[in-house]
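Down below is the structure, laid out as structure tokens.
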Amino acid sequence: MAKEKKGVRLDHISKIYKDPKTGKDFYAVKDTNLEIEPGSFVTLLGPSGCGKTTTLRMIAGFESPDEGEIYLGNEPINALTPNKRDTAMVFQSYALLPHYNIFDNVAYGLKLRKMDSATIKKKVTDILGLVGLEGMENRMTNQLSGGQQQRVALARALVIEPGVLLFDEPLSNLDAKLRVSMRTEIRRIQQEAGITAVYVTHDQSEAMAISDKVIIMNGGIVEQVASPQEAYYYPKSKFVADFIGECNFLKGKVISQDQVEIDGVKVNCVTGKLQQGADCDVVLRPEGATLADAGDVKGIVKYSCFMGAYQDYHIQVGDSLVKIQEYNPKNKKIYMVGDTVFLHFEDNTLYAL
């Protein structure tokens, strides 16, 4: 794929719909500004109704923004129909042509572009090799597994060499194990092709595994744009903290720039721009603390369960029930329900909001 990589820019984009029950207008997407770098893999992530699919469909041209402008590279594309945009979509349903074999499904877009048969054959053969379907050109799509159908849909989108590849929850129809292997394949193919990708999912682990950046949306508004690591360790809101992985919120008070007080005990914590003396919510990930007979914050074990790779605990700390996962528990002391324990916080694991 030798063509120039293109990024995507959303400039104050809004989409307004009418509520069929109340008849009132509401923002499905509100005043959104995004900059997607050329060649990057970016995921729009959030719960149902957050605006992620609407945003993707506006980039594709299936929906038109009511406010703002969308740019592909430096070109404004609001006025362009989907077939005139330098994009390709991989749909949730795959949308394969059932009466065509694999070769003809993949070649379909090239034939519409009036390419000669020799060029089409080379391009289709090359792209089938990239997605691991070489030698299967003559097989009909109804003879394929779900994962193979997904690869055909991906090859059909890639073969036209779009500037931007768009994914609308492409793995939602696959079983859990196949989803994991296919998301790895999608990431490998995207990196090998060097193409810009915008991916929609509500599955946080999927987003974390494949993305350069995640765009977390809630109620039509972008809550945070960050790398998976930054969103996990330094969420900008309680919504982001709670949506990305398991999370505990402990009540605290800011003592200094790097210290808070929890249940009367001072502990190290990143407090950012919070004012000294302010009440705060302290974000603690389940793997961010260990249990011991002495430590930072006292608690009572309410639940203790062996999960193989980790021991799963629920600890009552003041008014909060804290979930802790102690990994590799074989050589560690196992605490039982009713035991008094102390939470020991590793450095740089607590973050205040």
Side-chain angles (χ1 to χ4, degrees), residues 5 7-10 32-48 50-53 55-56 59 90 154 164-172 174 176-219 221-249 269-270 272 281-289 309-310 323-325 327 346-353:
K5 298 178 184 178
V8 179
R9 179 162 61 90
L10 275 60
T32 294
N33 294 288
L34 290 174
E35 188 87 36
I36 297 171
E37 296 294 325
S40 65
F41 196 117
V42 171
T43 298
L44 295 162
L45 176 65
S48 296
C50 71
K52 59 187 184 297
T53 298
T55 301
L56 188 80
I59 296 171
V90 179
L154 181 57
V164 178
L165 189 57
L166 307 173
F167 294 90
D168 183 14
E169 302 205 44
L171 306 182
S172 60
L174 304 180
K177 190 173 182 180
L178 189 54
R179 285 179 71 128
V180 172
S181 62
M182 280 308 305
R183 76 190 187 196
T184 304
E185 279 296 285
I186 285 174
R187 179 58 162 152
R188 176 191 67 80
I189 291 163
Q190 179 266 336
Q191 289 178 316
E192 195 168 325
I195 195 170
T196 307
V198 185
Y199 191 100
V200 161
T201 184
H202 62 273
D203 185 327
Q204 49 178 292
S205 59
E206 195 168 288
M208 301 275 276
I210 60 178
S211 307
D212 295 310
K213 286 189 175 180
V214 290
I215 299 165
I216 301 121
M217 299 187 70
N218 181 29
I221 294 172
V222 173
E223 292 260 349
Q224 186 169 358
V225 180
S227 68
Q229 294 91 338
E230 184 182 354
Y232 188 79
Y233 291 119
Y234 304 108
K236 286 191 173 180
S237 68
K238 286 188 72 173
F239 173 83
V240 173
D242 200 33
F243 192 78
I244 300 288
E246 286 269 355
C247 186
N248 300 293
F249 296 106
C269 178
V270 178
D281 290 298
V282 179
V283 176
L284 169 66
R285 298 297 182 182
E287 72 280 6
Y310 61 91
K323 296 178 181 180
I324 300 295
Q325 293 171 352
Y327 282 83
E346 302 292 334
D347 289 340
N348 301 315
T349 57
L350 297 180
Y351 183 73
L353 292 171

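Bear in mind the structure is a predicted one, so any value in this text is a computation, not a measurement. Count residues from 1 along the sequence.
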Problem set entry | Which residues share a side-chain hydrogen bond (donor to acceptor under 3.5 Å, both in side chains) with T43, sequence neighbours left out | S211

Problem set entry | Q190-Y199 side chain donor-acceptor pair, cut-off 3.5 Å | no

Exercise. CD1/I221 to CD1/I216 distance, rounded to the nearest 0.5 angstrom?
Worked result: 14.5 Å

For this session: Quick one: pull up OH in Y232 and CZ in R285 and give me the separation to the nearest 0.5 Å.
Result: 5.0 Å

For this session: Give, for atom CG of L171 and atom CD of E185, the distance between the pair rounded to the nearest 0.5 Å.
Result: 11.5 Å

For this session: Please tell me if the side chains of L165 and L154 come closer than 4.5 Å, counting only heavy atoms from C-beta onward.
Result: yes

Exercise. When you look at T53 and L44, which way does the side chain to side chain contact (heavy atoms under 4.5 Å, CB included) test go after all the steps?
Worked result: CA-CA 8 Å; T53 298; L44 295 162; over 6 Å; no

Exercise. Heavy-atom distance under 4.5 Å between the side chains of D212 and R187, does that happen here?
Worked result: yes

Seminar exercise, completed: On a heavy-atom basis, the closest approach of P47 and M217 is CD-O, 3.7 Å

Exercise. Going by an N to O cut-off under 4.0 Å, is there a salt bridge joining D203 and R183?
Worked result: no

For this session: Please step through side chain to side chain contact (heavy atoms under 4.5 Å, CB included) for the pair Y233 and N348, ending with a clear verdict.
Result: CA-CA 9 Å; Y233 291 119; N348 301 315; over 6 Å; no

For this session: Assess whether side chain to side chain contact (heavy atoms under 4.5 Å, CB included) is satisfied between L10 and I59, documenting all intermediate values.
Result: CA-CA 9 Å; L10 275 60; I59 296 171; 4.1 Å; yes

For this session: For E223 and K236, indicate whether the former's side chain and the latter's backbone hold a donor-acceptor pair under 3.5 Å.
Result: no

Exercise. When E169 is tested against each of L56, V90, V200 for side chain to side chain contact (heavy atoms under 4.5 Å, CB included), which residue passes?
Worked result: V200

Exercise. So how far is it from D347 CG to C269 SG, rounded to the nearest 0.5 Å?
Worked result: 12.0 Å

Exercise. Do Q325 and K323 come within less than 4.5 Å of each other through their side chains, counting heavy atoms only?
Worked result: no

For this session: Would you indicate whether the side-chain heavy atoms of N33 and V222 approach each other to under 4.5 Å?
Result: no

Problem set entry | Straight-line distance of L353 CG to Y234 OH, nearest 0.5 Å | 12.5 Å

Exercise. Crowded around Y351 OH? As in, over 12 foreign heavy atoms under 6.0 Å?
Worked result: yes

For this session: Would you please test L178 and S181 for side chain to side chain contact (heavy atoms under 4.5 Å, CB included) and show each step?
Result: CA-CA 5 Å; L178 189 54; S181 62; 3.5 Å; yes

Problem set entry | Results of side-chain hydrogen bond (donor to acceptor under 3.5 Å, both in side chains) for R9 - residues two or more places apart only | none

Exercise. About how many Å separate CD1 of I215 and NZ of K52, when rounded to the nearest 0.5 Å?
Worked result: 13.0 Å

Problem set entry | Heavy-atom check, side chain of F167 versus side chain of V198, under 4.5 Å | no

